[in-house]
**Student:** 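Sharing a structure with you now.
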Amino acid sequence: KWFYVEMLYSIDSGYPIQAVPRWTEEHFTLPRGKKMKIILAFQIFSQSAAAAMRFYVERSQMPSEALQTAQFLETVNAMWDFVDSHDLNAPLGKKPVTAKDFDSDMARFQSFIEFAKTWKFMKNNKVTHLPSHKGWILCLSAMMQLCIELIQEKKLMSFICLRKCN
């Protein structure tokens with residue numbers, strides 16, 4: 001729930017040393033006439049934000065239900081790391097799709113697609129749909145099909161850096 005992300009910022013910003021020090025009001029309020037910066041989204045849907053949320057839950061400053069939001073942040077972060085792969089020597093989770101690890105890479109694609117299909121967006125207590133949600137699912141599916149065709153079926157490539165596809 002977005003409520004817990006806002007709660008995290010509210011709690012954390014009250015401390016002189018913060019768990020998410022880069023977060024500002026700009027992460028939550030887009031001033032009129034300004035364009036959204038993708039870096040702000042990356043900072044919210046991050047491993048460090050999820051760890052901060054877990055930290056405050058452990059200290060009873062946030063409810064245990066916030067752990068579900070922390071898990072969501074971690075999974076979105078993992079998904080972004082996967083589709084932003086650009087280096088064969090990158091740490092695990094950030095590596096390109098390879099012929100060597102093809103089956104596990106396809107399983108990751110499938111798990112991210114299934115994960116994205118579970119998202120629900122609420123506005124005024126009603127479920128709503130966002131074009132970007134369908135776009136994520138379509139993008140992940142297309143990248144997966146591209147990898148299947150170029151690596152497995154036609155064997156034209158031994159790896160694909162997904163950053164080049166988005």
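Numbers here simply count residues along the sequence, with the first being 1.
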**Student:** Could you check whether Glu74 pairs with Arg54 (Lys NZ or Arg NE/NH1/NH2 to Asp/Glu carboxylate O, under 4.0 Å)?
**Tutor:**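 Here Glu74 pairs with Arg54 in a salt bridge, since their nearest N and O are under 4.0 Å apart.
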**Student:** Should the heavy atoms of other residues, nucleotides or ligands under 6.0 Å from CZ of Arg163 be counted, would the total exceed 12?
**Tutor:**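 Above 12, so yes.
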**Student:** Test side-chain hydrogen bond (donor to acceptor under 3.5 Å, both in side chains) on Glu65 and Tyr4 and set out the steps.
**Tutor:** CA-CA 9 Å; Glu65 186 182 71; Tyr4 293 122; 2.3 Å; yes
**Student:** Given side-chain contact (heavy atoms from CB on, under 4.5 Å), test Asp84 with Lys94 step by step and report yes or no.
**Tutor:** CA-CA 7 Å; Asp84 193 40; Lys94 297 183 177 190; over 6 Å; no
**Student:** For the residue pair Phe72 and Phe115, categorise the inter-ring angle as parallel (less than 30°), tilted (30 to 60°) or perpendicular (more than 60°).
**Tutor:**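 If you compare the ring of Phe72 with that of Phe115, the planes turn out tilted.
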**Student:** What closest approach, in Å, do Glu26 and Leu40 show between heavy atoms, and which atom pair accounts for it?
**Tutor:**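 Heavy-atom minimum between the residues: O-CD1, 3.6 Å.
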**Student:** Give a yes or no on this: more than 12 heavy atoms of other residues, nucleotides or ligands lie within 6.0 Å of atom CG of Leu156.
**Tutor:**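 More than 12 heavy atoms, drawn from other residues, nucleotides or ligands, come within 6.0 Å of this atom.
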**Student:** Does some side-chain heavy atom of Ile137 sit less than 4.5 Å from a side-chain heavy atom of Lys117?
**Tutor:** yes
**Student:** Could you give all pairs that pass the side-chain hydrogen bond (donor to acceptor under 3.5 Å, both in side chains) test and reach residues 121-145, with sequence neighbours left out?
**Tutor:**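 Every pair satisfying side-chain hydrogen bond (donor to acceptor under 3.5 Å, both in side chains) with a residue in residues 121-145: there are none.
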**Student:** Side-chain atoms of residues 6-14: list all donor-acceptor pairs with protein atoms under 3.5 Å, sequence neighbours left out, distances to 0.1 Å.
**Tutor:**
unit_1: Glu6; atom_1: OE2; unit_2: Trp2; atom_2: NE1; d: 3.1
unit_1: Tyr9; atom_1: OH; unit_2: Glu25; atom_2: N; d: 3.4
unit_1: Asp12; atom_1: OD1; unit_2: Ala19; atom_2: N; d: 2.8
unit_1: Asp12; atom_1: OD1; unit_2: Tyr56; atom_2: OH; d: 2.5
unit_1: Asp12; atom_1: OD2; unit_2: Ala19; atom_2: N; d: 3.1
unit_1: Asp12; atom_1: OD2; unit_2: Val20; atom_2: N; d: 2.9
unit_1: Ser13; atom_1: OG; unit_2: Tyr9; atom_2: O; d: 2.8
unit_1: Ser13; atom_1: OG; unit_2: Ser10; atom_2: O; d: 3.3

**Student:** With sequence neighbours excluded, tell me which residues meet ring-ring contact (aromatic ring centres under 6.0 Å, His included) with Phe159.
**Tutor:** none
**Student:** When rounded to the nearest 0.5 angstrom, what distance separates SG in Cys165 from CE in Met143?
**Tutor:** 5.5 Å
